[in-house]
Number of protein chains: 2
Amino acid sequence: MAAGQAQFEELARQLSAVGAVKRDMARVMPPDCPSGSAAVLLLLDRHGAMRMSRLAELLAVDMSVTSRHVAHVADRGWIERSPDPADRRSRILHLTQPGRDRLEDLSRRTTELLADRLSDWSDDEVVQLIRLMTRLRTSFGDCRSTASARLPHPAPGTAPQTTGTAQTTRTPA
Amino acid sequence: MAAGQAQFEELARQLSAVGAVKRDMARVMPPDCPSGSAAVLLLLDRHGAMRMSRLAELLAVDMSVTSRHVAHVADRGWIERSPDPADRRSRILHLTQPGRDRLEDLSRRTTELLADRLSDWSDDEVVQLIRLMTRLRTSFGDCRSTASARLPHPAPGTAPQTTGTAQTTRTPA
DNA sequence: TATTGTTATACTCTATAACTATA
DNA sequence: TATAGTTATAGAGTATAACAATA
């Protein structure tokens, strides 16, 4: 058996309140690189060059949102969009050297802030928090593939979708 | 010694990505009660009647933001604003019975979603995540009182603020 | 016809600043 | 003069829908 109702309510409260921490971190970022742009740079660095649709999946936002973030960082020369030889509708996104430099600066700012705020945390506590937050995202993210999984209790008589194709992060249109 | 740079970077990534979880939870909420309104109702239920300034502190947002959330829930009759006998500039915010009913509905939706998504979590894991997220907020929130504490490395020659009065959540004006 | 990506529009949350009323 | 709260304005993030180009 899993946790009780009171614990789920408390977890929901903490999830809601974690925004304050994110805002505090955003304050030490440079004004021309908001969080959406930073996430694009980080994911391209971690996972290497990729297409919009893959990036939207990793960001877990709609592709229209991804498109705007990508345009922002491309305008500043932090990424480039090469033609995709396999599909002329797509382009391959990859970091440029200025993008890598910018990302290094962002990482330094983030690390400094966290080292300051979490100076009395043990290494194990940080590791545990990372582990549990990663698992939390997995537990939610694994259900993104089908519409029926999004709602715990689908309306009676509603057959589960069996499109057969893996859903990308996309407006249902 | 605290965690290393790689762990802080990873924690920052997880904090950035937890927004997807929050969006998933927001999708099961009724359209007339967005997350800001829900937080107002929850905090008034937990901490009892209070003034705007206290609520803004608990929400960890500016009072102007709090004011709008409060107006939203007051327009719908979920809270009432009684005169504050001690200070005629303030009013005391308190939940109404419809507000309590609405909050119970919200809580049920939240609990159902989490019970579904976290069905394979142990009770201890949920408790640990709550504990670490609470501590994270404390580690950041405890530094809100002075401007100097907001930046790990204040500019050289900048004397730390010594206003003497406890700062509330307020635009520095 | 279906898919990749872009753009227009709208909504929520937030902060800053100007303002009113009261202390 | 200082503080509690409100409102106007602006910026960031997101989703939906309509659209273009290509598969």
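Reminder, nothing fancy here: chain letters follow the sequence lines and each chain counts from 1.
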Let me have the donor-acceptor pairs involving side chains of residues 28-45 of chain A, under 3.5 Å, with sequence neighbours excluded, atom names and distances please.
{"unit_1": "Asp32(A)", "atom_1": "OD1", "unit_2": "Arg102(A)", "atom_2": "NH1", "d": "3.0"}

- Task: Please work out which residues in residues 84-96 of chain A have a non-hydrogen atom less than 4.0 Å from an atom of DNA chain D and list them by number.
- Result: Asp87(A), Arg88(A), Arg89(A)
- For DNA chain C, the residues among residues 72-81 of chain A that have a non-hydrogen atom under 4.0 Å from it: Arg81(A)
- Message: For Arg23(B), give me all partners under salt bridge (charged side-chain N to carboxylate O under 4.0 Å, His left out), at least two apart in sequence or on another chain.
- Response: none
Can you give me the N/O atom pairs linking the protein to nucleotides 7-11 of chain D at distances under 3.5 Å, or say none if there are none?
none

- Note on the structure: By side chain to side chain donor-acceptor pair (under 3.5 Å), Ser107(A) pairs with (sequence neighbours left out) Glu9(B)
- Task: Would you kindly give the CZ-to-C1' distance between Arg54(A) and dT3(C), to the nearest whole Å?
- Result: 18 Å
- Note on the structure: Rounded to whole Å, the NZ-P distance (Lys22(A) to dA15(C)) equals 14 Å
- For His69(A) and dA12(D), is the shortest distance between a side-chain N/O and OP1 or OP2 below 4.0 Å? no
- How far apart are the closest heavy atoms of Leu113(B) and Asp24(B), and which atoms are they? CD2-O, 3.9 Å
- For the residue pair Val126(B) and Gln7(A), what are the closest heavy atoms and their distance? CG1-CB, 4.2 Å
- Item | Pair listing, salt bridge (charged side-chain N to carboxylate O under 4.0 Å, His left out) test, anchored in residues 67-79 of chain A, at least two apart | none
- Item | Residues in contact with DNA chain C, drawn from residues 29-46 of chain B - heavy-atom cutoff 4.0 Å | Pro34(B), Ser35(B), Gly36(B)
- Note on the structure: Hits for side chain to side chain donor-acceptor pair (under 3.5 Å) against Ser90(B), two or more places apart or cross-chain, chain-then-number order -> Arg51(B)
- Message: Checking the side chain of Ser139(A) only, and the main-chain atoms of Arg135(A) only, is there a donor and an acceptor separated by less than 3.5 Å?
- Response: yes
- Provide the full list of side chain to side chain donor-acceptor pair (under 3.5 Å) pairs with a residue in residues 11-21 of chain B, sequence neighbours left out, each pair given once. Thr134(A)-Gln14(B), Arg137(A)-Gln14(B), Glu10(B)-Gln14(B)
- Message: What is the separation between atom CZ on Arg51(B) and atom P on dT22(C), rounded to the nearest whole Å?
- Response: 15 Å
- Do you know the tightest heavy-atom contact between Thr110(B) and Phe8(A)? CG2-O, 4.4 Å
- Integer-rounded Å distance: dT12(C) P and Arg23(A) CZ: 17 Å
- Which residues share a salt bridge (charged side-chain N to carboxylate O under 4.0 Å, His left out) with Arg100(A), sequence neighbours left out: none
- Message: Run the salt bridge (charged side-chain N to carboxylate O under 4.0 Å, His left out) test against Arg108(A) and tell me which residues pass, sequence neighbours left out.
- Response: Asp105(A), Glu112(A)
- Item | Glu57(B) CD - dT3(D) P separation (whole Å) | 15 Å
- Message: Without decimals, in angstroms, what is the distance between Met52(A) CE and dT7(C) P?
- Response: 10 Å
- Look only at the side chain of Thr66(A) and the backbone of Met52(A), and say whether a donor-acceptor pair between them is shorter than 3.5 Å. no
